[in-house]
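First comes the structure, then the notes that go with it.
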Amino acid sequence: MAKATTIKEALAKWEEKSGEKAGEAKAVKLYGQIPPIEKMDASLSTLINCEKLSLSTNCIEKIANLNGLKNLKILSLGRNNIKNLNGLEAVGDTLEELWISYNLIEKLKGIHVMKKLRVLYMSNNLVKEWGEFVKLADLPSLVDLVFVGNPLEEKYSAEGTWIDEATKRVPNLKKLDGTPVIKHEEEERDGES
C-alpha cells in the first residue's frame, strides 16, 4: 500500500503547479491527493494568509493543526474519515464556512466555538439525535445549513416533518438543505404580541 501524502509534500506539489507560495496564498487546494493525505500535520501552520483551505477527498481522520491559520474563512473537508469536530477551536473566531459533508460525524460537540460560522454543509454524516442537532442553535451567525443524508434528517423527512422540526430548533436558519426557509406570518405576529 502506498504511503500517505504529507501536507508538506502536497503543499510542495501545489506550489509547483500553481506557481504560488503557500505562505502568501489566500486559497490553497490540497484536495484529492494520490496517495491521500491522512493527517492534518504541523506544516499547515505555514498558511498564514490562507482564507480558503481545501482538503476534501482525502483520508483525514482528525481536524488538527489549524492554529497558524489566523485568516481562515472557508474550510473544506468533505469526503474524508472525520469522526468529530475537535480541533476547530483554533479557527473559531474567523471561520465562516465549514464544508464537511460525507464524513463519519455523529456528535456535534465543540461546534459552539464557531462564533462566525454562517454556512455549514454537513450532509451525509451520522447525526441521529435532536440532542446533537440543537447544538447548532448555539451558533449565532449560522444561516445556511445542509444536513440531508444524516439519519436524523432521513427519519423526519420520511415522516414529512423535517423542515418544521429542524427550523423550530434552529430558528435563525435562512436556508435548509438548499431551500429558503419560509417563516409563516402568523408565527411572526405571535412573536410581537
Side-chain angles (χ1 to χ4, degrees), residues 4-15 18 20-33 36-127 131-147 150 170 172-173:
T5 300
T6 64
I7 298 278
K8 194 174 178 177
E9 291 164 345
L11 283 173
K13 247 195 285 187
W14 177 82
E15 283 185 333
S18 68
E20 291 186 69
K21 291 218 179 328
E24 295 166 6
K26 281 195 181 338
V28 177
K29 299 174 182 164
L30 306 177
Y31 54 80
Q33 296 293 312
I37 294 170
E38 289 178 4
K39 285 194 172 66
M40 291 174 68
D41 64 39
S43 306
L44 287 171
S45 62
T46 58
L47 306 178
I48 46 178
N49 288 314
C50 188
E51 292 178 8
K52 181 181 178 186
L53 175 60
S54 178
L55 286 162
S56 52
T57 317
N58 280 295
C59 290
I60 295 165
E61 290 184 16
K62 287 191 177 87
I63 299 171
N65 288 302
L66 293 173
N67 317 33
L69 286 80
K70 299 288 178 234
N71 297 301
L72 196 63
K73 291 187 171 78
I74 302 174
L75 178 59
S76 168
L77 285 166
R79 298 185 189 275
N80 276 290
N81 300 322
I82 294 168
K83 296 179 181 69
N84 61 51
L85 299 173
N86 300 345
L88 283 175
E89 54 287 337
V91 290
D93 293 337
T94 59
L95 203 68
E96 294 173 11
E97 301 191 17
L98 178 60
W99 306 349
I100 198 158
S101 295
Y102 294 95
N103 275 288
L104 307 169
I105 297 164
E106 196 178 328
K107 305 262 188 258
L108 299 178
K109 183 173 177 279
I111 193 113
H112 65 279
V113 299
M114 311 306 296
K115 295 299 171 222
K116 289 205 173 129
L117 199 69
R118 291 181 302 105
V119 175
L120 177 60
Y121 296 152
M122 64 168 301
S123 67
N124 300 286
N125 274 283
L126 303 174
V127 181
E132 291 303 316
F133 185 82
V134 295
K135 292 177 182 166
L136 299 175
D138 295 338
L139 303 175
S141 310
L142 186 67
V143 289
D144 184 356
L145 172 67
V146 175
F147 211 76
N150 279 279
V170 185
N172 294 342
L173 289 179

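Only heavy atoms go into these numbers, but all of them, side chains included; no hydrogens, no water, no symmetry mates.
Taking CG of N172 as the reference point, atom CG of L145 lies at 12.0 Å (rounded to 0.5 Å). Note that CD1 of I63 is 6.0 Å distant from CD1 of I105, once rounded to the nearest 0.5 Å. Of the inter-residue distances, the one linking Q33 atom CD with I7 atom CD1 reads 8.5 Å to the nearest 0.5 angstrom. To the nearest 0.5 Å, atom NZ of residue K29 and atom NZ of residue K52 are 6.5 Å apart. Within the model, atoms CG of N124 and CZ of R79 stand 7.5 Å from one another, a figure rounded to the nearest 0.5 Å. L88 contributes atom CG, which lies 8.5 Å from atom CG of L117 (distance to the nearest 0.5 angstrom).
In terms of heavy atoms, L126 sits closest to L104 at CD1-O, 3.7 Å. Of all heavy-atom pairs spanning M122 and I100, the tightest one is CB-CG2, 3.7 Å. Here the closest non-hydrogen pair linking A25 and W14 is CB-CH2, 3.4 Å. Taking every heavy atom of both residues into account, I37 and A10 meet most closely at CD1-CB, 3.9 Å. Looking at every heavy atom in both residues, L69 comes nearest to V91 through O-CG1, 3.8 Å. Minimum heavy-atom separation, E15 to E20: CG-O, 3.2 Å.
At most 12 heavy atoms of other shown residues, nucleotides or ligands fall within 6.0 angstrom of atom NZ in K62. Counting heavy atoms of neighbouring residues, nucleotides and ligands inside a 6.0 Å radius, atom NZ of K8 does not exceed 12 of them. Other residues, nucleotides and ligands contribute at most 12 non-hydrogen atoms within 6.0 Å of the CG atom of D93. Atom NZ of K21 is surrounded by 12 or fewer heavy atoms from other residues, nucleotides or ligands within 6.0 Å.
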Could you check T94 against N71 for side-chain contact (heavy atoms from CB on, under 4.5 Å), going step by step and ending with a plain yes or no? CA-CA 6 Å; T94 59; N71 297 301; over 6 Å; no
So L66 and L95, side-chain contact (heavy atoms from CB on, under 4.5 Å) or not? Walk me through it. CA-CA 11 Å; L66 293 173; L95 203 68; over 6 Å; no
Salt bridge (Lys or Arg N to Asp or Glu O under 4.0 Å) assessment of E96 paired with R118: CA-CA 5 Å; E96 294 173 11; R118 291 181 302 105; 3.6 Å; yes
Chi angles and distances behind the side-chain contact (heavy atoms from CB on, under 4.5 Å) call for M114, L85: CA-CA 11 Å; M114 311 306 296; L85 299 173; over 6 Å; no
Please step through side-chain contact (heavy atoms from CB on, under 4.5 Å) for the pair F147 and S123, ending with a clear verdict. CA-CA 4 Å; F147 211 76; S123 67; over 6 Å; no
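The main-chain N or O of G78 is never found under 3.5 Å from a side-chain atom of S101 such that the two would form a donor-acceptor pair. A distance-only check finds a donor-acceptor pair linking the side chain of S141 to the backbone of K115 [under 3.5 Å]. The closest donor-acceptor contact from the side chain of N58 to the backbone of L30 lies under 3.5 Å. No side-chain donor-acceptor contact under 3.5 Å links N49 to the backbone of K26. Under the 3.5 Å distance criterion, the side-chain polar atoms of N80 are matched with a main-chain donor or acceptor of L55. Between the N125 side chain and the N103 main chain, a donor and an acceptor come within less than 3.5 Å of each other. No donor-acceptor distance shorter than 3.5 angstrom exists from the side chain of D138 to the backbone of L136, with no hydrogens or angles considered. Within the 3.5 Å criterion, the main-chain N or O of V127 finds a donor-acceptor partner in the side chain of N150.
Inter-residue side-chain proximity for V134 and L108 is flagged as unmet; no heavy-atom pair is nearer than 4.5 Å. Side chains of K83 and E61 form a contact here, defined as non-hydrogen atoms less than 4.5 Å apart.
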